[in-house]
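In what follows, a structure is listed as structure tokens, so that the remarks can point back to it.
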Amino acid sequence: MTKELSNNITFDQVHTKKKQIKLKEMMSQIAERILNQTKNSESINCCPVCNSKNLVHFTEKFGFNLDKCSKCSHIFCNPMPSEEQLEIYYNSEMKEFENEFFEESFENRVPIFTKRIEKIKNYISSGKLLDVGSAIGIFIEALKRNASPFHITCCDPSVDACNKLKSRYPDIEIYTTLIENLNNPQAFDLVTMWDTIEHIRDPIALSESISEVLRDDGFWFFSTPNTSSFEWQIADTKHVQILPPGHINLFNLDSINVLLEKSGFKLVDYFTLNGSLDVSYVQKFLLENSSNSIGEFLQTQIYNEQFASGFSQLLSDCKLAGNIFVIAQKVR
Ligand SMILES: [Zn+2]
């Protein structure tokens with residue numbers, strides 16, 4: 001079995017066993033239902049981020065096709081799921097299941113956000129913070145525990161999520177809506193958005209909405225899976241996070257740069273803070289799959305506890321781990 005990395009968070013801690021077993025089964029059922037009940041939207045002939053027409057087929061998962069842009073390496077669902085399809089997906093038992101496993105791994109996930117809060121404070125130390133897609137509030141909990149200097153507002157389209165947030169944190173402001181409908185120009189000093197952009201059909205429109213609610217020079221902090229990372233290079237088309245119609249836009253540093261430039265932001269810095277998640281995921285992955293990219297040496301050494309621990313740190317230091325934390329600033 002996977003060796004635990006001392007003092008480091010592992011894949012099994014944030015993705016509970018129950019989730020890993022049930023997820024695939026549920027996704028197949030829901031995807032099948034969606035594809036049987038609804039009409040697909042039209043395929044597009046260019047990359048949704050950089051507009052290049054140079055696309056290649058990447059893989060198919062749960063009946064959805066994914067393409068890859070040869071110019072910026074962005075991976076995306078093509079055709080994109082329709083709004084009707086997403087409506088069914090996000091109101092299915094899937095959402096409840098997701099919230100349940102987030103609750104189960106709540107405590108294990110708080111430290112991920114503590115690290116991010118430390119970084120945020122290096123750029124901005126007070127002001128009005130808008131958290132987009134707060135869900136069950138793991139980030140809000142981390143802010144509270146770290147005696148956050150920010151005035152906190154949350155924005156989430158789920159009525160259920162907002163009710164729970166309100167009862168847990170009565171002092172925060174809550175908008176039960178999509179950010180696109182917020183209509184609150186220049187109201188915030190910083191926006192945070194964790195693992196959300198990969199779910200959005202039009203990421204450029206979303207980024208523009210974020211720019212709109214930020215003051216001039218305001219900061220946008222977000223995270224998303226990073227396909228140019230170690231774990232993605234090893235698992236490639238078999239990566240566990242290829243989850244359409246949930247994950248429909250999968251970014252890398254190049255496509256993030258294009259996204260920011262197009263929507264009025266500049267990239268200030270980025271980090272991949274959890275190399276231990278890559279190492280524990282790849283350890284697991286190699287027990288059940290082969291990989292063309294791993295190499296014989298690494299395939300053996302990755303199970304050596306001391307090597308694994310040092311390698312995890314190296315991935316974080318070189319910014320090559322599987323989840324990217326982006327620091328962007330509004331420039332227009
Ligand atoms: Zn592209």
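The figures that follow rest on heavy atoms only: side chains count, while hydrogens, waters and symmetry mates do not.
In the model, Y169 has a side-chain atom that pairs as donor or acceptor with a side-chain atom of E141 under 3.5 Å. Between the side chains of N249 and H74, at least one donor N or O lies within less than 3.5 Å of an accepting N or O. Checked by atom type, the side-chain pair Q85/T38 shows a donor-acceptor distance below 3.5 Å. For the 3.5 Å distance criterion, the side chains of N183 and N181 fail to qualify, holding no donor opposite an acceptor. Judged by distance alone, the side chains of D195 and N323 do bring a donor and an acceptor atom under 3.5 Å apart. A donor atom on one side chain and an acceptor atom on the other are not found under 3.5 Å apart for S105 and N108. Side-chain contact of D317 with Q313: a donor-acceptor pair under 3.5 Å is present, judged by distance alone. For the residue pair S228 / N226, a side-chain donor-acceptor distance below 3.5 Å is found, with atom types taken as modelled. Using modelled atom types and a 3.5 Å distance limit, the side chains of S293 and Q233 yield no donor-acceptor pair.
Of the possible polar contacts, none joining the N184 side chain to the A187 backbone as a donor-acceptor pair under 3.5 Å is found.
Salt bridge annotation for K266-D217: absent, with no cationic side-chain nitrogen under 4.0 angstrom from a carboxylate oxygen. A salt bridge is defined here as a Lys NZ or Arg NE, NH1 or NH2 lying under 4.0 Å from an Asp or Glu carboxylate O, and E107 with R145 meets this definition. Between K164 and D156 there is no salt bridge, since none of the side-chain N atoms of the basic residue sits less than 4.0 Å from a carboxylate O of the acidic one. Ion pairing between K284 and D12 holds under the 4.0 Å rule for side-chain N and carboxylate O. Of the charged side-chain nitrogens involved, none lies within less than 4.0 Å of a carboxylate oxygen, so that D189 and K128 do not count as a salt-bridged pair. The pair E103-R168 meets the salt-bridge criterion, since a charged nitrogen lies less than 4.0 angstrom from a carboxylate oxygen. One finds a salt bridge joining E93 and R33 here, because a Lys/Arg side-chain nitrogen approaches an Asp/Glu carboxylate oxygen to under 4.0 Å.
Between H239 and the options F230, F285, Y281, a ring-ring contact (aromatic ring centres under 6.0 Å, His included) holds for only Y281. Between W232 and the options I242, T237, D278, a side chain to side chain contact (heavy atoms under 4.5 Å, CB included) holds for only I242.
Within a 6.0 Å sphere centred on NZ of K262, other residues, nucleotides and ligands contribute more than 12 heavy atoms. Heavy-atom neighbours of Q37 CD from other residues, nucleotides or ligands within 6.0 Å: above the threshold of 12. For K53, the NZ atom counts as loosely surrounded, since its 6.0 Å shell holds 12 or fewer non-hydrogen atoms of other residues, nucleotides or ligands. Heavy-atom contacts from other residues, nucleotides or ligands closer than 6.0 Å to CG of D171 number more than 12. No more than 12 heavy atoms of other residues, nucleotides or ligands sit less than 6.0 Å from atom CD of E261. Within a 6.0 Å radius of CD in Q301, more than 12 heavy atoms belonging to other residues, nucleotides or ligands are found. Around NZ of K24, the count of heavy atoms belonging to other residues, nucleotides or ligands within 6.0 Å does not exceed 12.
Y270 carries K319 over the face of its six-membered ring, with the cationic atom under 6.0 Å from the centre and within 45° of the normal.
Taking the six-membered ring where tryptophan is involved, the planes of F307 and F297 are perpendicular, since the angle between them exceeds 60° and thus also 30°.
For F221 and W194, the ring centers are positioned 6.0 Å apart or more.
In this structure, V49 and I204 approach most closely via the heavy-atom pair O-CD1, 3.6 Å.
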